[in-house]
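The structure presented is a predicted model; accordingly, all values stated were derived computationally and were not measured.
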Amino acid sequence: QVQLVESGGGLVQAGGSLRLSCVASGSILRINAMGWYRQAPGKQRELVAGITSGGRTNYADSVKGRFTISRDNAKNTVYLQMNSLEPEDTAVYYCNADLQESRSVRSYDYWGQGTQVTISS
């Protein structure tokens, strides 16, 4: 059973920093792209940042220059370093991975359970 488990959320003041981590575990053959999404109350889930298996990254315009996504392929882990946090960044942050299980012939999308990030003004 593949699982994605996030950690690192919390409550910080505006201008502060947080680092989110997401570990993929289980019988994994290969992990392709990984990413972070967020969903604020009353809003749709949106892509925050993504990273390919080769390390190519993309970011939402609202976080460019403030957030950095990275991954450690040996640890099946993706990180999101968030700096200069703003109240508008308050949301539940979800980890996503396009990965192939050992027993599968193709890859599928997997999601973590989410971690709350709250920024106070």
message: What verdict does the side chain to side chain contact (heavy atoms under 4.5 Å, CB included) test give for W36 and E6, after you've listed the backbone C-alpha separation in whole Å, the side-chain angles of each residue and the deciding distance to 0.1 Å?
response: CA-CA 10 Å; W36 289 95; E6 302 108 332; 3.8 Å; yes
query: From N73 CG over to I31 CD1, what is the distance, rounded to the nearest 0.5 angstrom?
result: 7.5 Å
statement: The reported gap from OG1 in T57 to NZ in K64 (rounded to nearest 0.5 angstrom) is 9.5 Å
query: Using a side-chain heavy atom cutoff under 4.5 Å and only I, L, V, M, F, W and Y, what cluster partners does V92 have?
result: Y37, L47, Y94, W111
query: Take atom CD in E86; do more than 12 heavy atoms of anything else shown fall under 6.0 Å from it?
result: yes
statement: Scanning both residues in full, the closest heavy-atom pair of N76 with M34 reads O-CE, 4.3 Å
message: Taking the side chain as everything from C-beta on, heavy atoms only, tell me whether I51 gets closer than 4.5 Å to Y59.
response: no
field: Pairwise distance CE(M82) to CD1(I119) - rounded to 0.5 angstrom
entry: 6.5 Å
- line: Tightest non-hydrogen contact, residues R71 and N32, listed as NH1-O, 2.7 Å
task: Evaluate side chain to side chain contact (heavy atoms under 4.5 Å, CB included) for V78 paired with I69, printing each intermediate quantity in order.
output: CA-CA 7 Å; V78 63; I69 189 171; 3.8 Å; yes
message: As an exercise, state the distance from OG of S62 to CD of E46, rounded to the nearest 0.5 Å.
response: 5.5 Å
- request: Of all the heavy-atom pairs spanning R106 and S104, show the shortest one and how long it is.
  value: O-OG, 2.8 Å
task: Measure the spacing between CG of D98 and OG1 of T52 and express it to the nearest 0.5 Å.
output: 11.5 Å
statement: One should read off an interatomic distance between Q113 CD and L4 CG, to the nearest 0.5 angstrom, of 9.0 Å
Can you give each donor-acceptor pair under 3.5 Å made by side-chain atoms of residues 13-29, sequence neighbours left out, with the distance rounded to 0.1 Å?
from : atom 1 : to  : atom 2 : distance (Å)
S17  : OG     : N83 : OD1    : 2.9

message: If hydrophobic clusters are built from ILVMFWY residues whose side chains come within less than 4.5 Å, do Y79 and L99 share one?
response: no
message: Using a 3.5 Å distance criterion without hydrogens, assess whether the side chain of Y108 forms a donor-acceptor pair with backbone atoms of E101.
response: no
- prompt: Would R38 and D89 satisfy side chain to side chain contact (heavy atoms under 4.5 Å, CB included), going step by step from the backbone distance to the final call?
  reply: CA-CA 9 Å; R38 68 186 181 187; D89 297 316; 2.9 Å; yes
field: Distance-only side-chain donor-acceptor flag, R56 / N58, under 3.5 Å
entry: no
- request: Measure from the side-chain N and O atoms of T118 to the backbone N and O of T90, and report whether any donor-acceptor pair falls under 3.5 Å.
  value: no
message: Given 3.5 Å as the limit, does a donor-acceptor pair link the side chain of Q39 with the main chain of A91, or not?
response: no
